[in-house]
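Structure record follows, encoded as structure tokens.
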Protein chains: 2
Amino acid sequence: MTEKADPSRPQRADAQRNYERILSVAKAVVGEQGTQASLRDIARRADVGMGTLYRHFPTREALLQELLRQGFDRLAAKAASLESSDEPDQALAEWLQDLMRGMAAYRGLPGSMMTTLLDEGTPLYASCATMRVAAGRLLKRAQGHGHIRPDVDGTDLFALVNAVGWIADQAPALAARQEHLFTLIMDGLSLRHPASSDAAEQAG
Amino acid sequence: MTEKADPSRPQRADAQRNYERILSVAKAVVGEQGTQASLRDIARRADVGMGTLYRHFPTREALLQELLRQGFDRLAAKAASLESSDEPDQALAEWLQDLMRGMAAYRGLPGSMMTTLLDEGTPLYASCATMRVAAGRLLKRAQGHGHIRPDVDGTDLFALVNAVGWIADQAPALAARQEHLFTLIMDGLSLRHPASSDAAEQAG
DNA sequence: ACCTGAACACCGTTCAAGT
DNA sequence: ACCTGAACACCGTTCAAGT
């Protein structure tokens with residue numbers, strides 16, 4: 001059998017180079033400006049015409065998806081490995097915290113995630129789906145053990161984590177509260193510790 | 001004593017008219033396009049030059065603030081009146097729900113609120129402050145009665161409510177979940193009902 | 001005191017022309 | 001098969017010139 005070429009990558013050598021250059025420049029520019037970074041700027045700094053950028057990445061999301069692919073894969077793998085944990089609620093909490101930190105990779109990322117969360121057909125949705133399915137199993141398991149409210153589904157959790165990431169995203173002064181807000185929400189969804197012990201201690 | 005002129009409104013008759021026209025057109029356009037509505041479009045539809053719009057409203061926020069003033073005042077008044085309720089936790093929940101619904105008035109509003117939440121000096125911040133102070137009293141009261149976790153402050157609550165509003169704002173399909181997510185969070189912050197009864201019933 | 005609208009520096013997206 | 005960059009239709013913001 002002959003090697004099947006990866007359909008996502010271009011064939012010609014110059015196209016190959018451009019594809020990779022755009023991607024690496026995009027990583028830098030999105031790192032600086034966030035997910036709403038100027039595409040023109042990316043093309044400029046990659047020494048590439050606008051048409052070339054559009055040829056390789058027909059939408060901003062297609063570009064973003066490539067930037068995030070690795071993170072998604074890592075999180076999916078982590079979810080799978082956490083499924084064998086003997087503390088399902090802690091496993092879930094740990095994974096969600098990891099997700100939240102991943103959302104801080106680029107400014108505007110929670111927003112980009114949410115706008116495409118339920119919009120099938122978009123590359124970001126497809127790429128994100130595997131990870132979300134894996135996370136869903138983690139949730140079901142914790143619920144099966146009676147650790148988490150049963151009236152919560154994977155989309156709820158995903159939305160809430162994104163929301164907390166979004167808060168941090170908006171004002172730098174709020175970023176410090178991110179972990180705290182995460183704790184508040186996770187405590188609230190838990191059926192194990194009706195109210196966190198430190199909260200009870202502080203009461204007076 | 002002579003009447004003191006309202007310093008926020010222009011003196012000359014034509015300026016008066018323009019000011020009001022811009023405001024009423026802005027209400028419509030922001031209603032259609034959200035808080036990121038095109039200022040050019042507003043000026044166009046108000047039959048006014050760009051400079052006129054900028055003269056009356058030096059920033060997008062100044063314009064927005066005028067659009068939201070009434071809502072802020074109403075919420076502040078409601079918070080004040082709820083302070084005499086004999087069910088402080090319900091009073092707080094009701095007020096927050098009202099706030100959340102107010103956030104749905106314009107697309108992008110939660111985002112506009114959050115970016116200026118801690119940025120003093122911006123007109124939106126100043127206009128919002130009174131309301132937030134009133135809400136803070138509502139929270140302290142509920143905490144004083146031991147109904148709400150003591151390790152939550154007004155900014156946390158405000159951020160969380162905005163976050164839920166933001167979720168609904170992103171994808172229409174998520175808007176239906178808004179009330180549900182609100183309940184999840186409020187239940188979680190409550191010390192009265194360690195876990196909501198319906199959640200316990202559904203468990204199996 | 002206030003208004004106008006052109007000017008400037010940016011966007012995203014498309015597409016004819018090239019190699 | 002791929003690349004270029006001008007063209008188009010938009011922005012927000014400023015400011016000289018008018019009344």
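In what follows, every chain begins at residue 1, and chains take the letters A, B, ... in the order their sequences are listed. Here the structure is a predicted model, which means the values were calculated and not measured. Because only heavy atoms are used, hydrogens play no part in the values below, and waters and symmetry mates are left out as well, while side chains stay in.
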Exercise for the section: Under 4.0 Å from any atom of DNA chain D, heavy atoms only: list the residues of residues 110-120 of chain B that qualify, in numerical order. Expected result: none
Practice task
Take the protein atom CZ of A:Arg55 and the nucleotide atom C1' of C:dT13, then report the distance between them rounded to whole Å.
Solution key: 16 Å
Exercise for the section: Find the distance A:Asp14:CG to D:dA1:C1' and express it as a whole number of Å. Expected result: 8 Å
Handout entry: Gap between atoms CG and P, on B:Leu53 and C:dC3 respectively (whole Å)
Key = 11 Å
Problem - Pairs involving residues 79-105 of chain A, ordered by first then second residue, that meet ring pair (Phe, Tyr, Trp, His ring centres under 6.0 Å) (sequence neighbours left out) - result: none
Completion exercise
DNA chain D nearest-nucleotide lookup for B:Thr52 and A:Gln16: closer to the 5′ end is A:Gln16
Completion exercise
Taken in chain and number order and not counting sequence neighbours, the residues that satisfy ring pair (Phe, Tyr, Trp, His ring centres under 6.0 Å) with A:Phe57 are A:Tyr19
Exercise for the section: Under the salt bridge (charged side-chain N to carboxylate O under 4.0 Å, His left out) rule, collect the residues that match up with A:Lys140, sequence neighbours excluded. Expected result: none
Exercise for the section: Represent DNA chain D in dot-bracket notation, 5' to 3'. Only Watson-Crick or G-U wobble pairs with both distances under 3.5 Å count; pseudoknot-style crossings use [ ] and interstrand partners use |. Expected result: ||.|||||...|||||.||
Practice task
Not counting sequence neighbours, which residues clear side chain to side chain donor-acceptor pair (under 3.5 Å) with A:Asp47? List them please.
Solution key: none
Completion exercise
Sorted by chain and number, sequence neighbours left out, salt bridge (charged side-chain N to carboxylate O under 4.0 Å, His left out) with A:Asp14 holds for A:Arg12
Practice task
Please state whether the phosphate of C:dC2, meaning OP1 or OP2, lies under 4.0 angstrom from any side-chain nitrogen or oxygen of B:Asn18.
Solution key: no
Problem - For A:Arg17, all residues meeting salt bridge (charged side-chain N to carboxylate O under 4.0 Å, His left out), sequence neighbours excluded - result: none
Practice task
Measure the distance from CD on B:Glu20 to P on C:dC2 and round it to the nearest whole Å.
Solution key: 14 Å
Exercise for the section: Begin with the C-alpha distance, continue with both residues' side-chain angles, and end with the deciding distance and a verdict on salt bridge (charged side-chain N to carboxylate O under 4.0 Å, His left out) for A:Arg45 and A:Glu32. Expected result: CA-CA 13 Å; A:Arg45 284 165 61 167; A:Glu32 292 167 18; 3.1 Å; yes
Practice task
In plain terms, say whether B:Arg44 and B:Asp41 are close enough for a salt bridge, that is, a side-chain N and a carboxylate O under 4.0 Å apart.
Solution key: yes
Fill in the blank from the handout: Residues passing the side chain to side chain donor-acceptor pair (under 3.5 Å) test with A:Glu20, sequence neighbours excluded, are none
Completion exercise
By side chain to side chain donor-acceptor pair (under 3.5 Å), B:Gln36 pairs with (sequence neighbours left out) none
Exercise for the section: Please identify each residue that fulfils salt bridge (charged side-chain N to carboxylate O under 4.0 Å, His left out) with B:Asp156, with sequence neighbours left out. Expected result: A:Arg177
Practice task
To the nearest Å, give me how far apart CZ (A:Arg21) and P (D:dC3) are.
Solution key: 11 Å
Fill in the blank from the handout: Atom CZ of B:Arg17 and atom C1' of C:dT4 are separated, to the nearest Å, by 16 Å
Practice task
Send over the distance from B:Phe57 CZ to C:dC3 P, rounded to a whole Å.
Solution key: 11 Å
Exercise for the section: Using a 4.0 Å cut-off on protein heavy atoms (strictly under), produce a 5'-to-3' string for nucleotides 7-12 of chain C with B for base contact, S for backbone-only sugar-phosphate contact, and - for none. Expected result: B---BB
Problem - Short side-chain N/O contact to C:dC2 OP1/OP2 from B:His56, under 4.0 Å - result: no
